[in-house]
Amino acid sequence: MTPANLADTVLSAARAVFETRGLDLAALPATTAVERPRNPEHGDYASTLALQLGKKVGVAPRELAAALAEELGRRAGIKSVEIAGPGFLNIRLDAAVTGTIARTVVEAGAAYGRNSKLAGQRINLEFVSANPTGPIHLGHTRWAAVGDSLRRVLTAAGAEVTSEYYINDAGAQVDRFARSLYAAANGQPAPDDGYGGDYIGEIAQQILGEEPELAGRPAQDALPVFWARGYQLMLSEIRQSLERFGVHFDVWFSEKDLHDGGSVEHAIDTLRKQGHIFEHEGAIWLRTTDFGDDKDRVLIRSNGEKTYFAADAAYYINKRERGFDRCVYLLGADHHGYIGRLKAIAACAGDDPGQNIEILIGQLVNLVRGGQPVRLSKRAGNIITLDELLEAVGADAARYSLARSSTDSTLTLDIEEITRHSSDNPVFYVQYAHARIASLLRNAAEKGIARAGDYDPALLSHEREKNLLKTLGEFPAVVATAAELREPHRIAVYLEERVATDYHRFYDACQVLPRGDEAPTEFTQPRLWLAEATRTVIANGLDLLGVSAPERM
RNA sequence: GCGCUCGUAGCUCAGCGGAUAGAGCACCGGACUUCUAAUCCGAUGGUCGCAGGUUCGAAUCCUGCCGGGCGCGCCA
């Protein structure tokens, strides 16, 4: 029995109690959950349903709990139900019932953990969207890791997800980039408002190598070439870096295409029809203050140029017209000022800003080196690129350390620590558990022991076996919660603090395979099933984080 | 100034209103002729920034204050 099954049982018992007592059935929630008590004396699972419902229906929680306990105690598989404190229900299950979780997991295989929490939702997930004027650096990397995991988690929860990278290729930034390339190609210093990293010189040289005749050509002729080719090379470098990082985008969306294709005009028309456009001092404005923004925003400047904001509006409207119910944006805390205006765009377009648009703000990454803060600055040249990070620690460790903590907290990474003590990284703790199981299964095969078609679940009765089983049973709920709250780090926390820990403890206490030439025992089969179930959960969980599950370490 | 956000062990971080607040690192002490010791077991370490409020119950929700980060352009 999984926790979800048990929760359903609790709810159905509650329904029976309500019916016999003539209580208001409408007070019952649609779903409930059981929790794993920290204290083992509180049973295998606990329900707080009586506590939550007591006041609602005017029955003392303990009295309601007593009725629930009696009803629940009659259900199959439930060994005992105790009432504790103000009205907790502490539930104990028959060992065999918990033992079947291994079979549930193994039979579901790679699908174990998938659920239908977000079934039917069409989600557009935009993240990174770094300007194509330089390499992906550490500032973007957290969103790459988190965003891609979120894509996987949302998909696992049944949503139809499109991940998208918005390329800011229409504004002054790429012009500056082109001028910087031109300057470098001609041996001149970078313009004051330009880019000065080493990569500028490298790209300039590559372009010159392809088209030597560009050298010495006037800016007027050469700039468009540097613009087009430079942009192409830079974007392709960004894509390759992200690819190496295991980060996948379904759509690379060009801002320039938005302008060239008339989408901006179309968006302004749409917004005008909704009645939120006005003209002031020669500029076209969107009255975003109607919907809580601090100030109204210019769409078309008095000189006729469309603003970046106009493209934002067009992009949002474009996403909606492509059929996405929810447009999710993953932005760094330095962009939190965008929340108001983006929500206002949705509202001005006639959408529900609480439903159709969702802006996730994540805190930034701080870097320290040996405890001393490192200021990331392009000018100072101490930007750490994604490629450098990958070279130093590898994709698995990088992704894991960036995805394992909540984006609500600023993350502090010590460069010395992640580059030097990489074996301390908790990702190895999780991966090691997987590798240990893989090794175990190889040894079993060598001994000629195959996992049988079935096992006796009642034999998985050791305290550490039961803990591990219960933990494995929680995985679908962990995935569902991570998806619902957009918090993929919950997967990492679960794998690290629960699954890997419980497996290592089980492994420490319970011999799986016969030693030497001994014959298999009655525990061999159930434990092989449990090991395989654990391997499945770790592999599925790591996959949601975009981290590999190694067979050997 | 206005707004957003964060504040949990020495450090890095978990903890979607539940029972005695947890883990890793660091520090101290144990466990490998036995399925991978990248592991396990134990010890040490806390006014959950502060003060009120909501409630059967608050690290969690609300208000105020203190401290850190960030944002407030017809910039991109």
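We name chains A, B, ... by the order of the sequence lines, and we start the count at 1 in each one. Because the structure is predicted, anything quoted here is derived from the model rather than measured.
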Quick one: which protein N/O atoms are closer than 3.5 Å to N/O atoms of nucleotides 72-76 of chain B? Pair and distance per line, please.
residue: rC72(B); atom: O3'; partner: Lys295(A); partner atom: NZ; Å: 2.9
residue: rC72(B); atom: O2'; partner: Lys295(A); partner atom: NZ; Å: 3.3
residue: rG73(B); atom: OP2; partner: Lys295(A); partner atom: NZ; Å: 3.4
residue: rG73(B); atom: O5'; partner: Lys295(A); partner atom: NZ; Å: 3.1
residue: rC74(B); atom: O2; partner: Ser302(A); partner atom: N; Å: 3.0
residue: rC74(B); atom: O2; partner: Ser302(A); partner atom: OG; Å: 3.1
residue: rC74(B); atom: N3; partner: Ser302(A); partner atom: OG; Å: 3.2
residue: rC74(B); atom: N4; partner: Glu281(A); partner atom: O; Å: 3.2
residue: rC74(B); atom: N4; partner: Glu281(A); partner atom: OE1; Å: 3.4
residue: rC75(B); atom: OP2; partner: Arg301(A); partner atom: NE; Å: 3.3
residue: rC75(B); atom: OP2; partner: Arg301(A); partner atom: NH1; Å: 2.2
residue: rA76(B); atom: OP1; partner: Arg301(A); partner atom: NH2; Å: 2.5
residue: rA76(B); atom: O3'; partner: Ala172(A); partner atom: N; Å: 3.2
residue: rA76(B); atom: O2'; partner: Gln173(A); partner atom: NE2; Å: 3.2
residue: rA76(B); atom: N6; partner: Tyr338(A); partner atom: OH; Å: 2.6
residue: rA76(B); atom: N1; partner: Tyr338(A); partner atom: OH; Å: 2.1

Considering only nitrogen or oxygen atoms on both sides, find all protein atoms under 3.5 Å from nucleotides 21-31 of chain B and state each distance.
residue: rG22(B); atom: OP1; partner: Arg38(A); partner atom: NE; Å: 3.4

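Judged by distance alone, with hydrogens and angles left aside, Ser409(A) brings no side-chain donor or acceptor close enough to the base of rC6(B) to form a pair under 3.5 Å. Judged by distance alone, with hydrogens and angles left aside, Asn90(A) brings a side-chain donor or acceptor within reach of the base of rA19(B), the pair sitting under 3.5 Å. Remark: the His504(A) side chain and the rC40(B) base include no donor-acceptor N/O pair separated by less than 3.5 Å.
In this structure, of rC41(B), rU34(B), rC4(B), it is rC4(B) that holds the atom nearest to the side chain of His336(A). Of the candidate nucleotides rU36(B), rC13(B), rU34(B), rU34(B) has the atom lying nearest to any side-chain atom of Gln511(A). In the set rG18(B), rA38(B), rA19(B), the nucleotide with an atom closest to the side chain of Ala84(A) is rA19(B). In this structure, the nucleotide among rU36(B), rG15(B), rA14(B) sitting nearest to the side chain of Arg490(A) is rG15(B). Residue Arg436(A) has its side chain nearest to rU36(B) when only rC13(B), rC35(B), rU36(B) are considered. The side chain of Asp334(A) approaches rC70(B) more closely than any other nucleotide in the set rC70(B), rA19(B), rU36(B).
In this entry rC35(B) has no Watson-Crick or G-U wobble partner, no candidate having both defining distances under 3.5 Å. Pairing for rG1(B) is with rC72(B), a Watson-Crick or G-U wobble pair whose two hydrogen-bonding atom distances lie under 3.5 Å.
Taking the six-membered ring wherever Trp is involved, the centroid distance between the rings of His504(A) and Tyr507(A) does not fall below 6.0 Å. Centroid-to-centroid, the aromatic rings of Phe127(A) and Trp143(A) stay 6.0 Å apart or farther. Between Tyr429(A) and Tyr432(A), the ring centre distance reaches or exceeds 6.0 Å.
Salt-bridge formation is detected for the pair Arg297(A)/Asp293(A): a Lys NZ or Arg NE/NH1/NH2 atom is positioned less than 4.0 Å from an Asp or Glu carboxylate oxygen. One finds a salt bridge joining Arg179(A) and Asp193(A) here, because a Lys/Arg side-chain nitrogen approaches an Asp/Glu carboxylate oxygen to under 4.0 Å. The existence of a salt bridge linking Arg341(A) and Asp312(A) is excluded, since no basic side-chain nitrogen approaches an acidic carboxylate oxygen closer than 4.0 Å.
Put simply, CG on Leu485(A) is 14 Å from P on rA14(B), counting in whole angstrom units. Distance, Glu474(A) CD to rC16(B) C1': 15 Å, rounded to whole Å. Rounded to whole Å, atom P of rC40(B) lies 12 Å from atom OH of Tyr507(A). Distance CG (Leu364(A)) to P (rU5(B)): 15 Å, rounded to an integer number of Å. Here the P atom of nucleotide rC32(B) and the CZ atom of Arg515(A) are 13 Å apart, to the nearest Å. Rounded to a whole Å, the CG atom of Leu51(A) is 14 Å from the P atom of rG17(B). To the nearest angstrom, P of rU39(B) lies 14 Å from CD1 of Ile437(A). Nucleotide rU39(B) holds its P atom 17 Å from the NE2 atom of His434(A), rounded to whole Å.
Once the 5.5 Å centre distance and the 30° plane angle are applied, the aromatic ring of His489(A) is found not to be stacked with the base of rA14(B). Stacking between Phe88(A) and rA19(B) is present: the aromatic ring centre lies within less than 5.5 angstrom of the base six-membered ring centre, and the two planes differ by under 30 degrees.
In this structure, Val512(A) and Pro37(A) both approach RNA chain B, and ranking their closest nucleotides by distance from the 5' end singles out Pro37(A). Annotation: of the two residues near RNA chain B, Cys510(A) and Thr407(A), the 5′-most nearest-nucleotide partner is Thr407(A).
Annotation: rA14(B) and rU8(B) have their P atoms spaced 11 Å apart (nearest Å). Using atom C1' as the reference point in both rU39(B) and rG57(B), the two lie 39 Å apart (nearest Å). Separating the C1' atom of rG22(B) from that of rA9(B) is a span of 10 Å, rounded to the nearest Å. Comparing the P positions of rA43(B) and rC62(B) gives an interatomic distance of 37 Å, to the nearest angstrom. With both ends at atom P, the span from rA19(B) to rC48(B) equals 15 Å, rounded to whole Å.
For Thr410(A), no side-chain nitrogen or oxygen approaches OP1 or OP2 of rG68(B) to under 4.0 Å.
For Phe88(A), there are no ring pair (Phe, Tyr, Trp, His ring centres under 6.0 Å) partners at least two apart in sequence or on another chain.
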